[in-house]
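First listed ligand is number 1; within each ligand, the first listed atom is number 1.
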Amino acid sequence: MVNLTIDGKQVTVPKTYTIYEAARDAGIEIPVLCYAKKLLPFGACRVCLVEVEQMKGRLIPSCTTPVTEGMVVTTTSEEIRKVRRTVLEFLLVNHVVECPVCDKGGECELQELTYDYEVVTNRFKGEKFHYETDEKNPFIERNMNRCVLCGRCVRVCDEIVAHGSYSFVERGFETKIATAFDRGLSCEFCGQCVSLCPVGALLPRPFKFKARPWQLKEVDTVCGYCGNGCTHTLGIKDNQVQTIRFNDKNGVNDGNLCIRGRFGYSYVNSDQRLTRPLVRKGGELVETSWDEALEAVANGLKDEKGAGILTGARLTNEELLLLKRLAQAAGVKNLDHSGGSHRVLTEGVASVLGNAASTGTFPQVETADVILSI
Ligand code: SF4
Ligand code: SF4
Ligand code: SF4
Ligand code: FES
């Protein structure tokens, strides 16, 4: 462990920590833009500059500087504010500020910092970018005129997704994030880069102009597409699922989703979904009450010899358990779902480990001593 002082507060943290992480754990907020908890330190934006007594004469980036014993750190002062404001002015030199029509408005980290640091004018003048927006795919809009070159998209696609879709190209003012041969995005469309982009440079296309962030009600649920059980946070407006929100606070998936979980939610809003119970009367399906429908099901199960219940794999474990109890109560012996083909595997794992599913979360894989992969 390492002892240091941050803004007059004594702090003891693991020696692997950076100044930013030590401050965060001590409840001291340092602004960041290129830093992301799940990515390796990068140090691209310089928004997180702080003063260290032992390194006088210059401000240093807190997100990349490791803590050392006896360090004395100051995170806020008039000089630090002035330098951070200058950094923001640099970032805004070529940024096309179009917050009123940018879907990121209201949760844009650049917008928030610009407001917090009162960057009302810019002493530096520069050309704005005029890149064509990449809309060649149905999922992700790439508007590089809004990019702040934080590199989060490059790093998440490289470090977490292992797809390597993006890279920095060109130099100096011309630097930009590009795909291979600048041909437009062609990848797994997992949306991790969209989730981590701090500004409106990468946006989910199906969500465009649907709602402002503050209009969305967030509801946590579990993705029903496969047995991984990733946490899903729905963004709901007008009783419709408008988008899937980034959530790395709970669940096994650390905010990571695949294309189905990230973009495959619109079926929930389909007007062809059954939302009212139906019973067959005179050969026709007609709307009815839940009581009548359940009675019809119960009678049907009693009457039919060898009745069975078949379901899809979109149900959660809890829902499947309830279905099993219902089958038991109704005396139905045949219960199956389309994930049944994995039964041999899960039964084998259960007999060896005592648990039919994974015993850890995805991030725990990184720190596990032993990994059993089947
Ligand atoms: S990326 Fe942020 S600052 Fe830029 S236009 Fe969009 S909301 Fe405004
Ligand atoms: S959607 Fe996923 S695979 Fe595609 S560029 Fe973004 S992070 Fe990489
Ligand atoms: S596209 Fe977004 S995440 Fe990628 S470098 Fe630009 S601002 Fe950062
Ligand atoms: S957050 Fe530290 S340099 Fe960007």
Side-chain angles (χ1 to χ4, degrees), residues 32-36 38-39 42-47 63 88-117 119-120 122 128-129 131 133-170 175-180 182-209 212-214 244 246 248 253-264:
V32 289
L33 201 53
C34 69
Y35 169 86
K38 65 168 85 175
L39 303 178
F42 195 55
C45 72
R46 270 21 196 189
V47 164
C63 74
L88 288 167
E89 281 180 277
F90 286 147
L91 287 172
L92 288 162
V93 161
N94 46 24
H95 189 88
V96 180
V97 181
E98 47 194 12
C99 310
V101 288
C102 177
D103 264 315
K104 197 73 174 181
E107 60 179 354
C108 170
E109 294 174 42
L110 178 63
Q111 192 185 44
E112 278 164 30
L113 286 169
T114 304
Y115 186 85
D116 288 350
Y117 284 81
V119 189
V120 286
N122 200 334
K128 301 292 179 194
F129 291 129
Y131 297 125
T133 303
D134 174 9
E135 296 175 317
K136 294 192 186 87
N137 70 82
F139 304 111
I140 297 172
E141 174 187 292
R142 294 175 60 243
N143 182 339
M144 291 302 103
N145 301 316
R146 298 176 185 158
C147 174
V148 290
L149 297 172
C150 69
R152 284 192 197 174
C153 57
V154 180
R155 291 177 288 143
V156 74
C157 195
D158 184 25
E159 294 171 22
I160 309 273
V161 185
H163 202 275
S165 300
Y166 299 122
S167 186
F168 287 89
V169 298
E170 309 293 356
T175 309
K176 68 171 183 176
I177 305 294
T179 53
D182 233 349
R183 277 192 195 134
L185 199 54
S186 171
C187 65
E188 297 189 10
F189 296 110
C190 63
Q192 248 62 266
C193 52
V194 177
S195 298
L196 286 197
C197 181
V199 294
L202 300 175
L203 292 168
R205 289 193 66 195
F207 180 53
K208 195 156 181 185
F209 293 134
R212 282 306 197 183
W214 59 85
I244 302 299
F246 177 56
D248 62 353
N253 51 315
D254 200 25
N256 301 317
L257 293 169
C258 72
I259 181 174
R260 295 177 298 174
R262 187 66 170 80
F263 294 107

Can you list the ligand 3 atoms lying under 4.0 Å from a non-hydrogen atom of Ala201?
1 (S), 2 (Fe)
Is the backbone N or O of Leu257 less than 3.5 Å from a side-chain atom of Gln192, with the two atoms forming a donor-acceptor pair by type?
yes
Is there an N/O/S atom in Cys193 at a distance below 2.8 Å from atom 4 (Fe) of ligand 2?
no
To check you understand the geometry: which heavy-atom pair defines the closest contact between Ile160 and Leu39, and what is its length?
CG1-CD2, 4.0 Å
For Phe189, the ligand 2 atoms whose distance to one of its heavy atoms is below 4.0 Å:
1 (S), 4 (Fe)
Quick one: which ligand 3 atoms are inside 4.0 Å of a heavy atom on Cys197?
2 (Fe), 3 (S), 7 (S)
Need the ligand 2 atom indices (1-based, order shown) with element for anything under 4.0 Å from a heavy-atom of Gly191.
1 (S), 2 (Fe)
Considering only heavy atoms of Ile177, which atoms of ligand 3 have at least one such atom less than 4.0 Å away?
5 (S)
Below 30° counts as parallel, above 60° as perpendicular, anything between as tilted: where do the rings of Phe189 and Phe139 land?
tilted
Please list, in number order, the atoms of ligand 2 under 4.0 Å from a heavy atom of Tyr166.
5 (S)
Minimum heavy-atom separation for Gly151 and Phe42, please, with both atom names.
CA-CE2, 4.2 Å
Considering non-hydrogen atoms of the protein only, which is the closest contact for atom 4 (Fe) of ligand 2, and what is the distance?
Cys187 SG, 2.2 Å
Can you see which heavy atom on Gly105 is nearest to which on Pro213, and at what distance?
O-CD, 3.3 Å
What atoms of ligand 3 come closer than 4.0 angstrom to any heavy atom of Val148?
6 (Fe), 7 (S)
Tell me the protein heavy atom at minimum distance from atom 2 (Fe) of ligand 2, and give that distance in Å.
Cys190 SG, 2.3 Å
Run through Ile140, Asp158, Ile177 and flag the one making a side chain to side chain contact (heavy atoms under 4.5 Å, CB included) with Cys153.
Ile177
List the steps, then state whether side-chain contact (heavy atoms from CB on, under 4.5 Å) holds for Glu107 with Phe246.
CA-CA 12 Å; Glu107 60 179 354; Phe246 177 56; over 6 Å; no
For Lys104 and Cys197, which heavy atoms make the closest approach, and how far apart are they?
NZ-O, 3.1 Å
From Ser165, Ser195, Gly164, Cys153 - option closest to atom 5 (S) of ligand 2 by heavy atom:
Ser165
Which atoms form the tightest heavy-atom contact between Cys102 and Arg212, and what is the distance?
O-NH1, 2.5 Å
Okay, side chain of Asp134, backbone of Leu185: is any donor-acceptor separation there less than 3.5 Å?
yes
For ligand 2, which atoms have a heavy atom of Cys157 less than 4.0 angstrom away?
3 (S), 5 (S), 7 (S), 8 (Fe)
Under the side-chain contact (heavy atoms from CB on, under 4.5 Å) rule, what do Thr179 and Arg142 come out as? Steps first, then yes or no, please.
CA-CA 10 Å; Thr179 53; Arg142 294 175 60 243; 4.0 Å; yes
Per-atom filter on ligand 3: closer than 4.0 angstrom to a heavy atom of Gly151 are 5 (S), 8 (Fe)
For Gly261 against Ile244, the heavy-atom pair lying closest together:
O-CG1, 3.5 Å
Where's the contact between Leu202 and ligand 2, heavy-atom distance under 4.0 Å: side chain, backbone, both or neither?
neither
Cation-pi check, Lys176 onto Phe129 ring (under 6.0 Å, within 45° of axis):
no
Ligand 3-proximal atoms of Leu149, by part, heavy-atom distance under 4.0 Å
backbone
Heavy-atom nearest neighbour in the protein, as seen from atom 8 (Fe) of ligand 3, with distance rounded to 0.1 Å
Cys150 SG, 2.3 Å
Closer than 4.0 angstrom, basic N to acidic O: yes or no for Glu109 and Arg152?
yes
Min heavy-atom dist Leu196 to ligand 3 below 4.0 Å
no
Could you tell me whether Leu185 approaches ligand 2 through its side chain, its backbone, both or neither, with non-hydrogen atoms closer than 4.0 Å?
side chain
Between Arg146 and Glu98, does any side-chain N to carboxylate O distance fall below 4.0 Å?
yes
Give the contacting part of Phe139 toward ligand 2: side chain, backbone, both or neither, where contact means a heavy-atom distance below 4.0 Å.
neither
Protein N/O/S atoms closer than 2.8 Å to atom 8 (Fe) of ligand 1:
Cys99 SG
Using a strict cut-off of 4.0 Å, indicate which atoms of ligand 1 neighbour a heavy atom of Val96.
5 (S)
Under 3.5 Å, is there a donor-acceptor pair between the side chain of Glu188 and the main chain of Ile259?
no
Need the ligand 3 atom indices (1-based, order shown) with element for anything under 4.0 Å from a heavy-atom of Cys147.
1 (S), 5 (S), 6 (Fe), 7 (S)
For ligand 2, which atoms sit closer than 4.0 Å to a heavy atom of Ile140?
1 (S)
Please step through side-chain contact (heavy atoms from CB on, under 4.5 Å) for the pair Leu88 and Leu110, ending with a clear verdict.
CA-CA 8 Å; Leu88 288 167; Leu110 178 63; 4.1 Å; yes
